[in-house]
Protein chains: 2
Amino acid sequence: MPNRVSDLDLIDRRILKALLTEGRLSNADLANRVGLSASPCWQRVRRLEEGGFIRGYASILDQDLLGAAETVMIEVVLDRHDDEVLEAFGRTMQQMPEVLEVHLTTGEYDYLIKVAVDGTKGYESFLREKLYRVRGIRHTRSSFVLRTLKDVQAYIPDGD
Amino acid sequence: MPNRVSDLDLIDRRILKALLTEGRLSNADLANRVGLSASPCWQRVRRLEEGGFIRGYASILDQDLLGAAETVMIEVVLDRHDDEVLEAFGRTMQQMPEVLEVHLTTGEYDYLIKVAVDGTKGYESFLREKLYRVRGIRHTRSSFVLRTLKDVQAYIPDGD
DNA sequence: GATGAAAACTTTATAAG
DNA sequence: CTTATAAAGTTTTCATC
């Protein structure tokens with residue numbers, strides 16, 4: 001069972017690249033795409049799942065149609081930087097459904113969060129009713145996303 | 001065919017929530033999960049796909065196992081802000097496979113990009129060999145991601 | 001909405017070249 | 001790796017209540 005990058009050959013990488021953007025490809029189509037017959041292709045997918053390379057499958061939803069069509073990136077600086085405060089903040093953010101991404105970072109701020117909001121009104125109410133009710137925030141800095149040109153889940157390095 | 005938020009009822013929302021994190025649920029399991037029998041559940045999934053709510057399916061890969069295990073958020077300020085320069089930069093970033101997200105934003109910087117790198121060496125070589133070969137960059141500001149606590153693709157607002 | 005059924009396809013396992 | 005087989009499960013369509 002592969003569990004390191006070096007265990008992946010060119011065909012494994014092709015499988016991962018195909019499934020990254022088309023997670024519901026049938027085994028027959030996938031085999032055809034990567035240049036294998038069905039049976040070894042299926043075994044490779046199993047191995048990639050069991051080895052943890054493929055962690056799961058997700059649907060890609062249209063946020064515009066769902067509402068909360070605007071995306072805001074909010075950098076958050078906390079008052080204190082001890083583990084307890086940092087972790088508590090992270091856990092709180094994690095639980096808010098409109099918060100899509102929560103990243104603890106190095107540098108000038110502590111957290112970067114990506115939030116789906118419904119216009120400037122939605123943004124305002126997220127800040128006032130949710131974010132600023134969390135204790136320990138020193139300050140925040142927001143940038144609205146005007147356009148997202150790419151949003152993929154992973155990068156599959158070439159094995160050269 | 002639904003094509004607005006208001007066309008989604010509670011069961012549609014349940015279907016989307018389930019598929020958001022388990023994109024390969026079988027129709028039988030999904031039906032059971034959302035409290036429907038198989039046939040109407042299947043019709044709803046079809047409608048959600050045709051209505052554009054579900055744009056596709058993806059696999060979730062383990063970036064640690066694949067290599068390029070570190071994530072860096074890089075804010076980029078460009079020299080000029082005319083459409084031509086902005087779009088050209090965006091398109092260039094979009095084509096680099098290690099660049100996972102490309103967002104054109106309001107505020108103090110122009111673009112926020114999320115990049116998968118292989119340690120500080122990989123970061124350095126991305127900056128030197130890729131990012132700084134692109135013309136028109138005034139400056140950048142990077143933050144390494146220490147930990148990602150949440151990373152989901154969409155938010156399904158409640159229909160209340 | 002629920003149920004049931006039929007055909008086509010997919011998944012999963014296994015055997016043999 | 002390939003081809004082939006087979007049972008179980010899933011997808012898709014469609015008719016009926």
Side-chain angles (χ1 to χ4, degrees), chain A residues 1-62 65-66 153-154 156 158-160, chain B residues 1-62 65-66 153-154 156 158-160:
Chain A
M1 197 198 294
N3 65 353
R4 298 190 311 278
V5 197
S6 53
D7 294 333
L8 299 176
D9 65 7
L10 180 63
I11 291 175
D12 287 326
R13 282 166 217 278
R14 283 197 200 137
I15 289 173
L16 294 174
K17 261 170 204 158
L19 291 179
L20 183 58
T21 50
E22 287 164 87
R24 268 187 157 179
L25 270 180
S26 78
N27 183 60
D29 289 349
L30 182 62
N32 195 51
R33 191 84 66 96
V34 303
L36 277 185
S37 56
S39 156
C41 180
W42 186 83
Q43 287 173 58
R44 280 167 183 264
V45 173
R46 262 307 80 79
R47 276 196 296 118
L48 291 167
E49 287 174 353
E50 277 158 22
F53 288 90
I54 299 171
R55 299 172 61 164
Y57 298 89
S59 58
I60 308 298
L61 307 183
D62 189 307
L65 290 181
L66 292 173
Q153 202 271 319
I156 300 143
D158 300 339
D160 343 323
Chain B
M1 199 200 291
N3 66 353
R4 298 191 310 279
V5 199
S6 53
D7 294 332
L8 299 175
D9 66 7
L10 180 62
I11 293 177
D12 287 325
R13 281 166 218 279
R14 282 198 200 136
I15 289 174
L16 294 174
K17 259 169 205 158
L19 291 179
L20 183 58
T21 50
E22 287 163 89
R24 268 188 157 178
L25 271 181
S26 78
N27 184 60
D29 289 350
L30 181 62
N32 194 52
R33 190 85 65 95
V34 303
L36 278 185
S37 56
S39 157
C41 180
W42 187 84
Q43 286 174 56
R44 279 168 183 265
V45 173
R46 262 306 82 79
R47 273 197 297 119
L48 291 167
E49 287 174 352
E50 278 158 21
F53 288 91
I54 299 172
R55 297 173 60 163
Y57 298 89
S59 59
I60 307 298
L61 306 183
D62 190 307
L65 291 181
L66 292 175
Q153 201 271 321
I156 301 142
D158 299 340
D160 341 328

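Computation of the quantities below employed the complete heavy-atom set of this structure, encompassing side-chain atoms and omitting hydrogens, waters and symmetry-equivalent molecules. Each chain gets a letter, A, B and so on, in the order its sequence line appears, and its residues count up from 1. Source: prediction; values computed, not measured.
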Send over the distance from B/N27 CG to C/dA8 P, rounded to a whole Å. 20 Å
B/R24 and B/D29 ion-paired at < 4.0 Å: no
Nearest whole angstrom, please: distance from the P of C/dT10 to the CG of A/D29. 6 Å
Rounded to the nearest angstrom, tell me the gap between atom CZ in B/R14 and atom C1' in C/dG1. 15 Å
Between A/R44 and A/D9, does at least one N-O distance fall below 4.0 Å, as a salt bridge requires? yes
Closest nucleotide among C/dT14, C/dG4, C/dT11 to the B/S39 side chain: C/dG4
Ion pair B/D12/B/K17, N-O distance below 4.0 Å: no
Is any NZ, NE, NH1 or NH2 atom of the basic residue among B/R46 and B/E49 found under 4.0 Å from an Asp or Glu carboxylate oxygen of the other? yes
Heavy atoms from C-beta onward define the side chain here; which of D/dC1, C/dT12, C/dA2 lies closest to that of A/R44? D/dC1
Can you tell me how far C1' of C/dC9 sits from CG of A/N32, to the nearest Å? 15 Å
What is the distance, rounded to the nearest whole Å, between atom CD of A/Q43 and atom P of C/dT12? 13 Å
Describe the nucleic acid contact of A/S26 in one word from base, sugar-phosphate, nothing, applying a heavy-atom distance below 4.0 Å. sugar-phosphate
Rounded to whole Å, how long is the line connecting atom CZ of A/R46 with atom P of C/dT12? 4 Å
Rounded to whole angstroms, how far apart are CZ on A/R24 and P on C/dC9? 18 Å
In whole Å, what is the span from the CH2 atom of B/W42 to the C1' atom of C/dA7? 14 Å
